[in-house]
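One structure is given below, encoded as structure tokens.
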Amino acid sequence: MLLMTLLLSERSVVAPRVRSVPEYSFTSGVEAVELAESVGLIPDAHQRAAVYDILAEGDDGKWSSFESAVVEPRQNGKGGILEVIDLADLFLFSVAQRDFLSIHTAHEFKTAQEAFRRVLFWVENNDWLRKKVAKVRTSHGEEGIELLSGARLRFLARSNGSGRGFSADRLTYDEAYDLPEET
């Protein structure tokens with residue numbers, strides 16, 4: 001937690017008005033940010049802080065939070081936070097798990113498609129990442145990246161049948177403001 005205090009004390013960062021995070025002793029967010037920075041995606045301090053909190057782990061090695069949320073106005077960097085986590089899911093966290101699946105959903109197809117394009121940019125423009133890719137699906141509604149290891153990152157629009165039947169290792173709700181109450 002000292003690391004978080006140092007990050008949030010940088011002059012350019014305003015500490016969140018509300019921040020509720022379980023105590024944690026370790027975060028895989030450090031590795032996630034290092035991976036992102038190695039391909040040229042440089043998160044600012046508030047994005048790093050959010051990634052660290054979201055990817056925090058307890059002493060048992062499990063995620064400290066089953067659910068995480070970032071609430072902030074439009075165009076303030078939430079997409080960058082998700083890009084870092086999407087890259088980490090695909091290239092770091094999937095390594096120890098067979099058939100790893102991360103699903104990134106958005107309320108509208110165009111938002112899911114834009115998130116896909118942003119992540120794909122980092123993958124296609126880095127030799128180390130690109131060499132690990134088996135397939136890139138770009139057809140409407142099938143956007144995703146599959147690695148040689150079998151790990152997958154899918155981008156879906158939320159609709160009545162979209163993603164039904166999937167069992168994902170991470171499910172991201174971009175634009176969660178429009179989630180139905182039952183979700």
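This chain uses plain numbering: 1 for the first residue, then up along the sequence.
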*asked:* For Pro43, is there any backbone N or O sitting under 3.5 Å from a side-chain donor or acceptor partner on Arg48?
replied: yes
*Distance (rounded to the nearest 0.5 Å) between Leu90 CG and Leu101 CG*: 10.5 Å
_Taking Leu82 as the starting point, is it possible to reach Leu120 by hopping between hydrophobic residues whose side chains are less than 4.5 Å apart?_
no
*Can you tell me how far the CZ atom of Arg170 sits from the CD1 atom of Ile103, to the nearest 0.5 Å?*
12.5 Å
*Ignoring hydrogens and geometry, is there a side-chain-to-backbone donor-acceptor pair from Thr105 to Thr172 under 3.5 Å?*
yes
*Identify, with sequence neighbours excluded, every residue that meets salt bridge (Lys or Arg N to Asp or Glu O under 4.0 Å) alongside Asp86.*
none
*Spacing of CD1 belonging to Ile85 relative to CG belonging to Leu35, to within rounding of 0.5 Å*: 12.0 Å
_Rounded distance (nearest 0.5 Å) linking atom CG of Leu92 with atom CD of Glu34_ = 9.5 Å
_Any residue meeting salt bridge (Lys or Arg N to Asp or Glu O under 4.0 Å) with Glu72, in chain and number order, not counting sequence neighbours_ = none
_Heavy-atom side-chain proximity of His104 to Leu156 below 4.5 angstrom_ = no
*Is any side-chain heavy atom of Leu148 less than 4.5 Å from a side-chain heavy atom of Val133?*
no
*Backbone N/O of Ser139 and side chain of Glu142: donor-acceptor pair under 3.5 Å*: no
*asked:* So, using salt bridge (Lys or Arg N to Asp or Glu O under 4.0 Å) as the criterion, who are the partners of Lys131 when residues are at least two apart?
replied: none
*asked:* Could you see if Phe26 belongs to whatever hydrophobic cluster contains Val21? Use Ile, Leu, Val, Met, Phe, Trp, Tyr and a side-chain cutoff under 4.5 Å.
replied: no
*Of all heavy-atom pairs between Gly58 and Ser64, which one has the smallest distance, and what is that distance?*
N-OG, 3.3 Å
*4.5 Å side-chain heavy-atom contact, Ile54 and Val51*: no
*So which heavy atom on Val33 is nearest to which on Tyr52, and how close?*
CG2-CE2, 3.7 Å
*Would you sort out whether Arg152 and Glu146 count as a salt bridge (charged side-chain N to carboxylate O under 4.0 Å, His left out), showing the intermediate values?*
CA-CA 4 Å; Arg152 293 165 293 143; Glu146 183 174 337; 5.4 Å; no
_Is it the case that over 12 heavy atoms from other parts of the model lie below 6.0 angstrom from the CG atom of Asp59?_
no
*Gln47 side, atom CD; Ile81 side, atom CD1 - distance, nearest 0.5 Å*: 5.5 Å
*Taking it one step at a time, do Phe100 and Val95 satisfy side chain to side chain contact (heavy atoms under 4.5 Å, CB included)?*
CA-CA 8 Å; Phe100 184 92; Val95 172; over 6 Å; no
*Only counting residues at least two apart or in another chain, list the ones meeting salt bridge (Lys or Arg N to Asp or Glu O under 4.0 Å) with Arg117.*
none
*Leu153 and Asp89: side chain to side chain contact (heavy atoms under 4.5 Å, CB included), yes or no, with the steps?*
CA-CA 8 Å; Leu153 173 60; Asp89 278 346; 5.6 Å; no
*Say whether Phe91 and Val30 are linked into one hydrophobic cluster, either directly or through other cluster members, by side-chain heavy-atom distances under 4.5 angstrom.*
yes
_Leu147/Ser94 under side chain to side chain contact (heavy atoms under 4.5 Å, CB included): CA gap, chis, key distance, verdict_ = CA-CA 10 Å; Leu147 300 186; Ser94 69; 4.3 Å; yes
*Would you mind listing every ring pair (Phe, Tyr, Trp, His ring centres under 6.0 Å) that reaches into residues 115-139, with sequence neighbours excluded?*
Phe116-Phe155
*If you measure from NZ on Lys132 to OG on Ser149, what distance do you get to the nearest 0.5 Å?*
8.5 Å
*asked:* Tell me the closest heavy-atom pair linking Glu31 and Thr27, and the distance in Å.
replied: OE1-O, 3.6 Å
*State which residues pass side chain to side chain donor-acceptor pair (under 3.5 Å) with Asp169; sequence neighbours excluded, sorted by chain then number.*
Gln97
*asked:* Can you confirm whether Val123 sits close enough to Leu87 that some side-chain heavy atom of one is under 4.5 Å from a side-chain heavy atom of the other?
replied: yes
*Tyr24-Trp63 aromatic ring centre distance below 6.0 Å*: no
*Applying side chain to side chain contact (heavy atoms under 4.5 Å, CB included), run through Arg137 and Glu143 and close with a yes or a no.*
CA-CA 5 Å; Arg137 299 182 191 279; Glu143 286 77 5; 6.0 Å; no
_Taking the basic N atoms (NZ, or NE/NH1/NH2) and the acidic carboxylate oxygens, is any pair closer than 4.0 Å for Asp174 and Lys78?_
no
